[in-house]
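Because the structure is a prediction, the values reported are computed rather than measured. Just so you know, these numbers use all the heavy atoms, side chains as well, and skip hydrogens, waters and symmetry mates. Numbers for residues simply follow the sequence, beginning at 1.
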Amino acid sequence: MMEPVSVDIGTTQQLPADPLPFARSYQLEALEKALKQNTIVFLETGSGKTLIATMLLRSYAHLLRKPSRFIAVFLVPEVFLVRQQAGVVRMHTDLNVGMYWGDMGIDFWHAATWKQEIDKHEVLVMTHQILLNGLRQGYFKLDLIKVLIFDECHHARGNHPYACIMTEFYHRELRSGHHDLPRIFGMTASLIKSKGANSESYYRQQICELENIMNSKVYTCASETVLAEFIPSPAAEFLVYEPMKIPDGIYACLEEELANLKAKHELLLKQLDLNEPAAESVRGKISKVHSTLMFCSGELGVWLAFQAARFLSHYDTDSDFIAWGKVDVSGKTIVKNFCRDASLVISNCFSAECCIGDDIEADVGAGLITAKVLCLIKTLLQYRDLKDIRCIVFVERVITAVVLESLLTELLPKHSGWKTKYMAGNNSGLQSQTRQKQNEIVEEFRKGMVNIIVATSILEEGLDVQSCNLVIRFDPPFSVSSFIQSRGRARMQNSDYLLMVEREDSTTHSRLENYLSSSEIMRRESLRRSATSCSPPQSELYEDEFYSVEGTGAVVTLSSSVSLIHFYCSRLPSDGYFKPAPRCIIDKEKETCTLHLPKSSPIQNICVQGNIKNLKQKACLEACKQLHLIGALTDNLVPDIVVEEAAAQEDGNERYDDEQPIYLPPELASQGPRNLKTKYYCYLIELNQKFDYDVPVHDIVLVVRTELESDVLSSMGFELEVERGLLAVSLRYIGDIYLDQVPVLLCRMFQIMLFEVLIHREVNRLEEVLKGLELGTGVVMDYFLLPAIRSRSQPSIDWEPISSVLFSYKNDDHFNCSSKGNAHVVHTKGGPLCTCLLQNSLVCTPHNGRVYCITGASEHLNGRSLLKLRDGGASTYKEHFAKQYCSLIIHRTKAESKNARVDLPPELCDIILSPVSISTLYSYTFIPSIMHRLESLLIAVNLKKMHSDHCTQNVDIPAMKVLEAITTKKCQEKFHLESLETLGDSFLKYAASQQLFKLYQNHHEGLLSMKKERIISNAALCRRGCDHKLPGFIRNESFDPKLWMVPGDKCGSDLLSEEPLSECRKIFVRGRRKVKGKTVADVVEALIGAYLSTGGEVLALFFMDWIGIKVDFMIVPYERHFQLQAEKFVNVRYLESLLNYSFRDPSLLVEALTHGSYMLPEIPSCYQRLEFLGDAVLDYLITMHLYKEYPGMSPGLLTDLRSASVNNDCYAQAAVKGGLHKHILYTSQDLHKHIVETVEIFQKSSLGSTFGWESETSFPKVLGDVIESLAGAILVDSGYNKEIVFQSIRPLLEPLITPETVRLHPARELNELIQKQHFDYKKSVVSNGRNASIEIVVGANGVIFKHTATAADKKTAKKLASKEVLKSLKESNFASSSTPSKID
């Protein structure tokens, strides 16, 4: 016998109590005990046990408050108790409380997440399994927990999480001599969970075991008088009812008819094309419903059986009240039809005019209700005079709760105004109500809106319903704790607790009598044992074999190893035909156990020898150990993919700021004063109009401080679409020039004035804009756009119009410029002026703010000339304008406005610039769009340079290709990034996949896919793009000339700021705009595509390396630790002939054709890893082929070609066409059946190609997978020779798609049509098991088009439904046939 163990642990000195002022005497006594030693508080429900726990936390608060590393943990057995108990702790303490339950996704949390929670909170309220998992995985350490509270601690038995926490961790630490363990505090209203026994020794033994396992002493109040003062203790009374069932004749008839009905529907089931597991599941559901209806008939009565059948046949399908599992749509229909037919059969047992409750005694005689139900009704009616009743009726089954609610809702309003609702948890295959619904019912019960709740055991534990004054046990409690807990629901003073029992059921009566005395026995035994020390629990409870990870403290024991292995297998890759699971084969004679793990596991077989009782556990424990040693289980003993998923989720949750800068190239801006002459480079913008117009265009000189690269000049040759046609643009270098401050200011004033007038038409702003214009020290757009003098030898700048910004009316030289006298002097708004200065001038009319270009003077018109008015009348110019503007008319001038030629009196005109020709002005209207292109090119050049700065190799690609990669579709250019993005996406996917495949040769496909996703996901690419400042380079808005920033304008310059790109390179920011994260990711892929398309894979890898994606194409041997004679499993010669490739290692061919369901141990691997690799290489090869084969594709066409070629249906059709389905190794009956069906349909179809969307059936994914896995096998076997892969697989895929044969996916075509025409669209989905039905409804201008399609998967069903709706729309002329854009 071991020595008793003291429970006085956890603190080195007595902690001061911190009681609440309203605490009761026994609560203070319990707190005092809990501060001295580990304690189980055994008190009645409603006695305030949680308040004692709260005071204990208050006493430990000084040890818990942050920045302390210690915490307290409050464990509860049910999710709904988390909020309730956390609320009490928050109400009575100032501690920071965290709440945790399974639905929060805690299974995916890792060490860092838990550390954040522990650092943030002082009390953690959680369900028990969370702490157990956390301890096993090393996320929690007992020495960090100061107080550990167990709510409803009587559950600490056997393998319950409470017991596992104590035996696997607490007692093991205690036996190791560690004393920095938490204070244990348990709470319960019953120390016994079992059905109880007559002997007090049994109670003594149970209490002793609970104390030992909890290492705690039971405290209960010694004085019953004290408890009675505070706690209502309803007297338990028996309600004895007669053993009257429904009449035997009615029952026998009903039994026979329901049995026949059951057989009929089971026969119908055989006619359905269901696999055996699915058929068995449907049979099980029918049997479950049948037994439920027979139970209701016999125990409750025919009327309630009818209500049950109606409920099961008419419930809302979406609520999923029946746990359907894998039952598909047709199976559901059979079950629901059975329920409906059963309700008709049962309804024949009573007349249609029957009204339940009019004569309840007669209802019993007719079998509508039983004597038990009658007893309940009569009992409730006895309380109808009670003013404010709150009653809970406890039942055993969910269906009983449902039908009793129906009965009481029908009957009670005839006698009272009571309202009834039911509450139920999981039971008998019927699923629980939502937690929110349950909370609503309880709240209505508290407020008196609901008077009666018919509940299963869900209301027994924990839910605080203090207003309850009547509890009726319709069905007897199944255990001592159930009895005590349900009795404790009657919280109010003078409450009643009624136990219904059949008169002749002496066994139940005797058991209930024992329950009545159980509380007193437990209290007496607890007081008797108060001075006895605890003993360690039985040795087998804590001397379990275990494996521990030294670094984290994570532990797996014999008892927990089985569940861990099952959990590990459940996270391995699976499909609709195979769910990975471990298999144990035990040889009793040899006392050995062989554990077979799925083929995707890096360890296949584990064999152990030992005691037959725990052989399976030993094998699982050994498997856990080996899986950890090779990394398949992490140091926290969770499957590696769980950690990868958690990291991926964290990546996806990373915050992205969509407010991003707009970069301005440094070639077009500068900073600092310019006191000396500065060198500028001159480039001629040559304009060649390809349309007829009487105003010709003139060339313009671009003057910049930075020499432009030849790549930019060559890329500036393009055709600009203008209002009247096409304008050819080119750019060439014509020399350099030195300018000092005066001409720089002159040039700046000229272009500001010109563009303010042309773009904004804001003449009134000119003075404000030009005011104070000087060469400052800030950042400014430092380039000029000046008129050119055409010259065959050397074009130059035309300074005359530039100087016109200095125009003055006081120029005397022009008043006598000809011999015709004063006739050439006219009066303008600004003063008298020679007509030669008025011609070819830019003027404004201040009275209306309009701008005109003067092209000549009309000498034959004067103020007395007639002016035709808009109303058809006439007036002299003088009269009209004198009336309108009180001005004197002398001469008329001919003026050009934007849209028309007009006659304009000079007295209304004010000169802006003179001379400046209309051709010059017309040419300048195109400059914003031309400069936008140049600015964009220079942005692309700077991005290219930024990459080159970090590249040791000579990396050079055309700036135009980079510009294409950073231009989105929203820019409405002739080019955009979509084709390059598609190309880059396929290469990135291949590069990442082959790298992961080589690097992690023990990782299964699911883990490889997760790692790949973390590399190529939009979130990951966006983050890398932002890290390298790519968002500022992106063009994602269509160009608006009105928003163009005029160079030199100080208003625009105020927005400019400098930003470093690297240590040696800077750029300027001219504003901010929103850029979506996906757009950044698309640009990263497009840039990869740009480097790939112009410089090959090497340059693409250089760019990826710069962006932070480290991959290489070095060949790494594929490690294979097994010998295999391939010819035994597959026809190697035939397959090599089909593929036109001879394998160096034929075992790769076997692996490529082995499905996960093929469990023979001779083949240790399935095709999933090779499929992972082959999927990527085929995608890349086909995409690259299409890109090169059709170089003139319009943007977006490559995407359509790729999506129509690279998909499972295309590959599956190719596999069937090549006969590969005959060579796949599998053992799944479902897969065999589906392949046979698919092959039959394919052979009957007239499909000539393996691409496109014409197929009307869904192909098993396995068929497409083997095309990919074969490609992967050839790639590995050939030393990663992609050309050989394409040569081998291409013949299977022929004929390949072309721009002429491609068709849009019906779903996409329909979606584009709906968006374009603004049609209404609705899609409803029903998907269960292997069947999916989708209905698509389109409203087109009031006409409804709809179609429902059913297929093996949702994608195929959606495709077929979309196809039919499209067909109907086209036949009704609501849509025209469409194909993607062809080659430009």
Side-chain angles (χ1 to χ4, degrees), residues 665 667-668 679-737 739 743 747-748 750-751 754-755 758-759 781-802 804 840 853 913 915-941 958-960 963-964 973-975 1039 1041 1044-1048:
E667 292 86 348
L668 301 181
K679 181 179 180 180
Y680 286 86
Y681 297 87
C682 300
Y683 296 89
L684 186 67
I685 302 175
E686 295 180 293
L687 305 178
N688 181 17
Q689 61 193 79
K690 296 186 175 182
F691 52 87
D692 294 329
Y693 187 48
D694 54 0
V695 178
V697 292
H698 286 174
D699 296 342
I700 294 169
V701 178
L702 169 66
V703 181
V704 294
R705 293 184 64 183
T706 305
E707 186 175 6
L708 303 181
E709 297 179 2
S710 59
D711 187 15
V712 175
L713 300 182
S714 61
S715 300
M716 278 299 290
F718 66 99
E719 289 185 340
L720 182 67
E721 289 186 9
V722 298
E723 189 175 355
R724 292 182 173 85
L726 294 177
L727 180 70
V729 181
S730 61
L731 188 68
R732 64 184 176 91
Y733 175 69
I734 58 172
D736 51 58
I737 188 174
L739 299 176
C747 294
R748 188 172 293 175
F750 169 75
Q751 63 189 16
L754 198 59
F755 286 120
L758 292 177
I759 296 174
M781 300 270 281
D782 193 9
Y783 67 92
F784 309 113
L785 296 153
L786 308 175
I789 299 175
R790 276 190 178 254
S791 170
R792 291 184 179 178
S793 57
Q794 182 64 31
S796 60
I797 298 170
D798 185 358
W799 288 99
E800 186 178 14
I802 297 170
S804 70
N840 286 326
C853 182
L913 293 172
V916 58
S917 69
I918 190 170
S919 290
T920 299
L921 295 171
Y922 182 53
S923 301
Y924 268 81
T925 60
F926 306 122
I927 285 299
S929 297
I930 294 170
M931 287 307 299
H932 173 67
R933 168 63 68 89
L934 177 60
E935 182 182 320
S936 300
L937 270 170
L938 290 172
I939 283 292
V941 167
M960 195 63 205
L963 177 58
E964 182 182 342
E973 300 273 11
K974 285 186 176 180
F975 57 88
F1039 177 64
W1044 181 62
M1045 188 180 290
V1046 177

Ring geometry between Tyr693 and Tyr922 (parallel below 30°, tilted from 30 to 60°, perpendicular above 60°) | tilted
Test: Arg724 cationic atom under 6.0 Å from Phe691 six-membered ring centre, within 45° of axis
no
Does the side chain of Ile802 come within less than 4.5 Å of Phe784's, by heavy atoms? no
Those residues at least two apart in sequence (or on a different chain) that pass side chain to side chain contact (heavy atoms under 4.5 Å, CB included) with Pro928 are Phe755, Ile759, Phe1039, Pro1041, Trp1044
Correct closest heavy-atom pair for Val703 and Tyr680 would be CG1-CB, 3.3 Å
Subject >> Working for side chain to side chain contact (heavy atoms under 4.5 Å, CB included), residues Val697 and Phe926 >> reply: CA-CA 10 Å; Val697 292; Phe926 306 122; 3.9 Å; yes
Answer yes or no: is there a side-chain heavy-atom contact under 4.5 Å between Arg933 and Glu973? yes
In terms of heavy-atom contacts, Cys853 and Leu921 come closest through SG-CD1, 3.6 Å
Nearest heavy-atom approach of Ile789 to Asp798 is CG1-CB, 3.3 Å
Of all heavy-atom pairs linking Tyr783 and Leu702, the shortest is CD1-CD1, 3.6 Å
For Leu938 and Pro665 the tightest heavy-atom approach is CB-CB, 3.5 Å
Is a donor on one side and an acceptor on the other found under 3.5 Å between the side chain of Asn840 and the backbone of Val916?
-> no
Before you tell me yes or no, could you show the steps for Met716 and Leu934 under side chain to side chain contact (heavy atoms under 4.5 Å, CB included), namely the whole-Å CA-CA distance, both residues' side-chain angles and the distance that decides it to 0.1 Å?
CA-CA 7 Å; Met716 278 299 290; Leu934 177 60; 3.9 Å; yes
Sorted by chain and number, sequence neighbours left out, salt bridge (charged side-chain N to carboxylate O under 4.0 Å, His left out) with Asp711 holds for Lys944
Sequence neighbours excluded, the answer for salt bridge (charged side-chain N to carboxylate O under 4.0 Å, His left out) partners of Glu719 is Lys690
So OG of Ser936 and CD of Glu964: to nearest 0.5 Å the spacing works out to 13.5 Å
Rounded to the nearest 0.5 Å, the CG atom of Asp699 sits from the OG atom of Ser923 at a distance of 8.0 Å
* Asked: Do Pro795 and Arg732 have side-chain heavy atoms sitting under 4.5 Å apart?
  -> yes
Are the side chain of Gln751 and the backbone of Pro1047 linked by a donor-acceptor contact shorter than 3.5 Å? yes
Quick one: are Leu708 and Leu731 in side-chain contact, heavy atoms under 4.5 Å? yes
Rounding to 0.5 Å, atoms CG (Leu727) and CG (Asn688) come to a distance of 7.5 Å
d(Ile797 CD1, Cys747 SG) to nearest 0.5 Å is 6.5 Å
Could you check whether any side-chain heavy atom of His698 comes within less than 4.5 Å of a side-chain heavy atom of Leu687, counting everything from C-beta outward? no
Of all heavy-atom pairs linking Leu785 and Ile700, the shortest is C-CG2, 4.1 Å
CG (Leu937) and CE (Met931) are apart, to the nearest 0.5 Å, by 10.5 Å
Item to check | Side-chain (Tyr924) to main-chain (Leu786) donor-acceptor, under 3.5 angstrom | outcome: yes
